[in-house]
Amino acid sequence: MSKLRRSMLFVPGSNAAMLSNSFIYRPDALMFDLEDSVAVTEKDTARLLVFHALQLPMYREIETVVRVNPLNSAYGKLDVEAMVRAGVDVIRLPKTDSAEDILEMERHILEVERSCGRKEGSTRMMAAIESAMGVINAPEIAKASPRLIGIALGAEDYVRDLRTERSPEGIELMFARCSILQAARAAGIAAFDTVYSNANNEEGFIHEAEHIKQLGFDGKSLINPRQIDLLHNVFAPTRKEVGNARLIIEAAENAAQQGLGVVSLNGKMVDAPIIERARWVLQRAEASGIRQ
């Protein structure tokens, strides 16, 4: 089974207290932010704080992601050089509009890997799509580099680009979500949903999490540790789903032992996609537990 990336917790790079202990929350990945959550006057300090945090042994047991500033800013190249040297697992590109943005970042990462002796290709990438242009170019972005582990929706900048605002129903994000998801699946990489910014509205968060899970997303960016367990529970299969999956796998194994080309269960034919889905449900249950 591929690595679980259900939850990606944002940690402001200028918040020394959170940097020192955010590993205790146990998301699937931690995303240290050097971009929007950091004031211009704190950019250099945040970069240094995150660099040192990545040296802590506790952070070697969890996937680490750093959202850097754009390469065309005064801070982007400095961010990338420091984070690659620090051994970060994944660099997250903000505001990705085209495949060329990916290739430019890849070239810079490769230069740093070569200069500091880090294994070439070991620094992975994630692209945040935050504009109408980025959504239209999502298929090319998703296939632009073998370093890419996934593409993510950044909703706040996207809805501003559309000249609208976010709603509880999220109808304004449907096209972007479906476009990013299709592009990711066609490229064989992960798709990540945007943050839910009202940390006090658990019901609204769960509703949105169930929506993006049904669409097919792998996970979601988070802004509050309280959202981690809520999200993991949404992504866990139910007892009924696990029970049905076991029956399907058992039927498939029995048919294989008897040399039958057709698998049936309760009088219904079970084809290969259903069997594969059952295996996926059992793998998810093993990794995530049973939904409460």
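A side-chain hydrogen bond (donor to acceptor under 3.5 Å, both in side chains) check over residues 132-145, counting only residues at least two apart or in different chains, returns the pairs E106-S145.
Under 3.5 Å, the side chains of Y75 and D44 contain no donor-acceptor pair of N or O atoms. With no hydrogens or angles considered, no side-chain donor-acceptor pair links N69 and S73 at under 3.5 Å. Side-chain contact annotation: T96 with E130, donor-acceptor N/O pair under 3.5 Å absent. If you check the side chains of S131 and D97, you find a donor sitting under 3.5 Å from an acceptor.
Within a 6.0 Å radius of NE2 in H207, no more than 12 heavy atoms belonging to other residues, nucleotides or ligands are found. Within a 6.0 Å sphere centred on CE of M58, other residues, nucleotides and ligands contribute more than 12 heavy atoms. More than 12 heavy atoms of other residues, nucleotides or ligands sit less than 6.0 Å from atom CD1 of I24. Atom NZ of K213 is surrounded by more than 12 heavy atoms from other residues, nucleotides or ligands within 6.0 Å. The environment of R60 atom CZ is dense: over 12 non-hydrogen atoms of other residues, nucleotides or ligands sit within 6.0 angstrom. Atom CD of Q55 has more than 12 heavy atoms from other residues, nucleotides or ligands within 6.0 Å.
When all heavy atoms are compared, the tightest approach of G289 to A236 is O-CB, 3.6 Å. Taking every heavy atom of both residues into account, G134 and I141 meet most closely at O-CD1, 3.7 Å.
Not one N or O on the side chain of Q227 forms a donor-acceptor pair closer than 3.5 Å with the backbone of F205. At least one donor-acceptor pair closer than 3.5 Å links the side chain of D89 to the backbone N or O of T64. For R185 (side chain) and G216 (main-chain N/O), a donor-acceptor pair under 3.5 Å exists by modelled atom type. Proximity of a side-chain donor or acceptor of D28 to a complementary backbone N or O of R6 within less than 3.5 Å is detected. In this structure, N15 contributes its side chain and P12 its backbone to no donor-acceptor pair below 3.5 Å. At least one donor-acceptor pair under 3.5 Å links the side chain of K43 to the backbone N or O of E35. Formation of a donor-acceptor pair under 3.5 Å by the R124 side chain with backbone atoms of R147 is found in this model. Without hydrogens or angle criteria, K220 side chain to T194 main chain gives a donor-acceptor distance under 3.5 Å. Of the possible polar contacts, one joining the D218 side chain to the A191 backbone as a donor-acceptor pair under 3.5 Å is found. Under a 3.5 Å cut-off, the side chain of E61 and the backbone N or O of P57 do not form any donor-acceptor pair.
Side-chain heavy atoms closer than 4.5 Å link hydrophobic residues (I, L, V, M, F, W, Y) into clusters, and following such links, even through other members, never connects V38 to V68. Each of F217 and L4 belongs to its own hydrophobic cluster when Ile, Leu, Val, Met, Phe, Trp and Tyr are linked at side-chain heavy-atom distances under 4.5 angstrom. Transitive grouping of hydrophobic side chains (ILVMFWY, heavy atoms separated by less than 4.5 Å) keeps F192 and M125 in distinct clusters.
One finds the CG atom of L110 at 5.0 Å from the CD atom of E120 (value rounded to the nearest 0.5 Å). Atom-to-atom distance recorded for I91:CD1 and M105:CE is 6.5 Å, nearest 0.5 angstrom. The line from CZ of R67 to CG of D79 is 11.5 Å long, rounded to the nearest 0.5 Å. How far CZ of F10 is from CE of M31: 3.5 Å, rounded to the nearest 0.5 Å. For the atom pair CG (L78) and CE (M83), the distance works out to 10.0 Å, reported to the nearest 0.5 Å. Note that the CD atom of E210 and the CG atom of L215 stand 12.0 Å from one another [nearest 0.5 Å].
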Between D33 and V11, is a side chain to side chain contact (heavy atoms under 4.5 Å, CB included) present by the stated rule, with each step listed? CA-CA 6 Å; D33 185 30; V11 179; over 6 Å; no
Could you please spell out the steps behind the side chain to side chain contact (heavy atoms under 4.5 Å, CB included) verdict for L103 and R107? CA-CA 6 Å; L103 298 176; R107 287 192 293 268; 3.8 Å; yes
Side chain to side chain contact (heavy atoms under 4.5 Å, CB included) for V159 and L173? Distances and angles first, verdict last. CA-CA 8 Å; V159 296; L173 298 179; 3.7 Å; yes
If you apply the rule side chain to side chain contact (heavy atoms under 4.5 Å, CB included), what do you find for L153 with I129, and how did you get there? CA-CA 5 Å; L153 173 62; I129 294 177; 5.5 Å; no
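With sequence neighbours excluded, the residues satisfying salt bridge (Lys or Arg N to Asp or Glu O under 4.0 Å) with R85 are E81. With sequence neighbours excluded, the residues satisfying side-chain contact (heavy atoms from CB on, under 4.5 Å) with A132 are D161, L162. For E202, the side chain to side chain donor-acceptor pair (under 3.5 Å) test picks out no residue, with sequence neighbours left out. Applying the ring-ring contact (aromatic ring centres under 6.0 Å, His included) rule to F23 yields the partners Y59; only residues at least two apart in sequence or on another chain are considered. E104 meets the salt bridge (Lys or Arg N to Asp or Glu O under 4.0 Å) test with no other residue; sequence neighbours excluded.
Using a 4.5 Å heavy-atom threshold, the side chains of R177 and L181 count as separate. D36 has its side chain within reach of K95: a pair of non-hydrogen atoms, C-beta onward, lies under 4.5 Å apart.
Between E208 and R166, at least one side-chain nitrogen of the basic residue sits less than 4.0 Å from a carboxylate oxygen of the acidic one, meeting the salt-bridge criterion. Under a 4.0 Å N-O distance rule, the pair E63/R5 qualifies as a salt bridge.
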